[in-house]
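See below for the structure under consideration.
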Amino acid sequence: MHVVHTIAELRQHLQAFRKPAFVPSMGNLHDGHLALVRQAQPLGDVTVASIFVNRLQFAPHEDFDTYPRTFEADCAKLAEAGCNLVFAPNEKEMYPEPQGYKVHPPAELADLLEGHFRPGFFIGVSTVVMKLFSCVFGATPGGVALFGKKDYQQLMVIRHMVRQFVLPIEIVGGETQRADDGLALSSRNGYLSAAERAEAVQLSLALKAMAAEVEAATDLPAARESLEARAMHTLARRGWRPDYLTVRRRSDLQPPEAADAQPGKLVLLGAAKLGGTRLIDNLEI
Ligand code: PAF
């Protein structure tokens, strides 16, 4: 596995290939990332991962400075998972001057849910992903990029960006990887104390309980707000601070209408703080 730190070296390495399969990351890798790397391998002729903690997607009060940087361990895991090339730029390489040009995803997709609670988050994500795509795919006819479904809205924002800018990149979603108790794997799980870690699975259990209520509802649009409120209340009683637990259409993340209450059309999404850690999860139903 080669590790490169500059865009020039990256492009030089990629000259020998026609179809990179690319997994972007911010490092501190867990089995969710490694599953994406394994999924990537048959999809391209070279498997590339990036490690870059992107300041642009963090608000000033968020955890940019303390976000775990575990470069050596990440590289060992990537090599083991079959990655061929790691692109690990520093901040000067990615942002040699203030990033004046930014990608602003449409409000109807990016200002709700995560975007509502983390204003500017999807501008930061879309901008760095566009830039990473330019670095990785700029020297090839196109390729494939993989994103985990745990960040459901992120995956959707990136899919729309690629479609609207007609980028020659296929976007592939990877299933959420879970710990034995059902907690969705996340780099931020490492912030949890032992007691919080034991409690953390309740977010996915709350989504499962909501799924049962959604499936039983005879008039989903009428029942939606009260079943969402009940789910938030259940978590709040256990000491969580929920941002949202909600039923949405998979197609556009808007609240469902009666015709959407069908198998394959809905997704439940949740975000809640447990102590100082904000966790997100979702469940397609
Ligand atoms: O999902 C992540 O780790 C990040 O948002 C991404 C896509 C690597 C952009 O920084």
Side-chain angles (χ1 to χ4, degrees), residues 7 10 20-37 39-40 47-59 62-71 73-75 77-78 81 83 85-91 93-95 99 102-105 109-110 113-115 117-137 143-162 165 167 169-177 184-191 269 271 277-282:
I7 298 167
L10 173 72
F22 174 46
V23 179
S25 89
M26 298 205 298
N28 193 26
L29 303 180
H30 51 67
D31 283 345
H33 298 107
L34 302 178
L36 287 179
V37 170
Q39 190 178 347
T47 304
V48 185
S50 65
I51 298 176
F52 179 66
V53 185
N54 173 40
R55 186 188 291 275
L56 278 192
Q57 71 192 71
F58 289 79
E62 290 182 339
D63 54 346
F64 175 78
D65 289 326
T66 52
Y67 199 86
R69 272 96 169 157
T70 52
F71 182 65
D74 290 344
C75 285
K77 289 178 187 171
L78 287 170
C83 181
L85 181 58
V86 178
F87 175 47
N90 66 18
E91 225 172 330
E93 183 69 10
M94 280 306 274
Y95 300 123
Q99 183 69 27
K102 293 191 178 140
V103 178
H104 285 251
L109 202 58
L113 305 174
E114 283 306 282
F117 287 95
R118 303 181 69 188
F121 172 67
F122 288 116
I123 297 174
V125 168
S126 306
T127 303
V128 79
V129 169
M130 183 64 111
K131 205 155 175 175
L132 287 167
F133 282 176
S134 164
C135 298
V136 172
F137 299 108
V144 184
L146 296 93
F147 294 82
K149 278 197 193 174
K150 204 209 84 185
D151 297 298
Y152 202 87
Q153 191 176 4
Q154 168 173 281
L155 173 59
M156 180 166 262
V157 166
I158 301 296
R159 273 192 205 287
H160 281 244
M161 178 180 86
V162 163
F165 284 114
L167 303 179
I169 301 163
E170 185 194 343
I171 301 298
V172 172
E175 292 306 322
T176 301
Q177 303 296 308
L185 297 190
S186 161
S187 299
R188 291 191 168 96
N189 292 351
Y191 295 150
L269 302 114
T277 308
R278 187 171 181 278
L279 299 177
I280 64 171
D281 201 354
N282 64 77

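Atoms within each ligand, like the ligands themselves, are counted from 1 in listed order.
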Give the atoms of ligand 1, by number and element, whose distance to some non-hydrogen atom of Val128 is under 4.0 Å. 9 (C), 10 (O)
Please indicate whether any nitrogen or oxygen in Asn54 is less than 3.5 Å from any nitrogen or oxygen in ligand 1. no
Just one of Ile169, Asp151, Val129 clears the side-chain contact (heavy atoms from CB on, under 4.5 Å) bar with Ile158, so which one? Val129
With heavy atoms and a 4.0 Å threshold, my read on which part of Ser50 contacts ligand 1 is neither
Could you walk me through whether Asp74 and Arg69 pass the salt bridge (Lys or Arg N to Asp or Glu O under 4.0 Å) test, one step at a time? CA-CA 9 Å; Asp74 290 344; Arg69 272 96 169 157; over 6 Å; no
Measuring only between side-chain heavy atoms, which start at C-beta, is Thr277 closer than 4.5 Å to Leu279? yes
Plane angle bin for His30 and His33 - parallel if under 30°, tilted between 30 and 60°, otherwise perpendicular: tilted
So which heavy atom in the protein is nearest atom 2 (C) of ligand 1, and how far is it from that ligand atom? Gln154 NE2, 3.9 Å
Side chains of Lys131 and Gln99: do they bring a donor and an acceptor to under 3.5 Å? yes
Would you say Gln57 and ligand 1 have an N/O pair spaced under 3.5 Å apart? yes
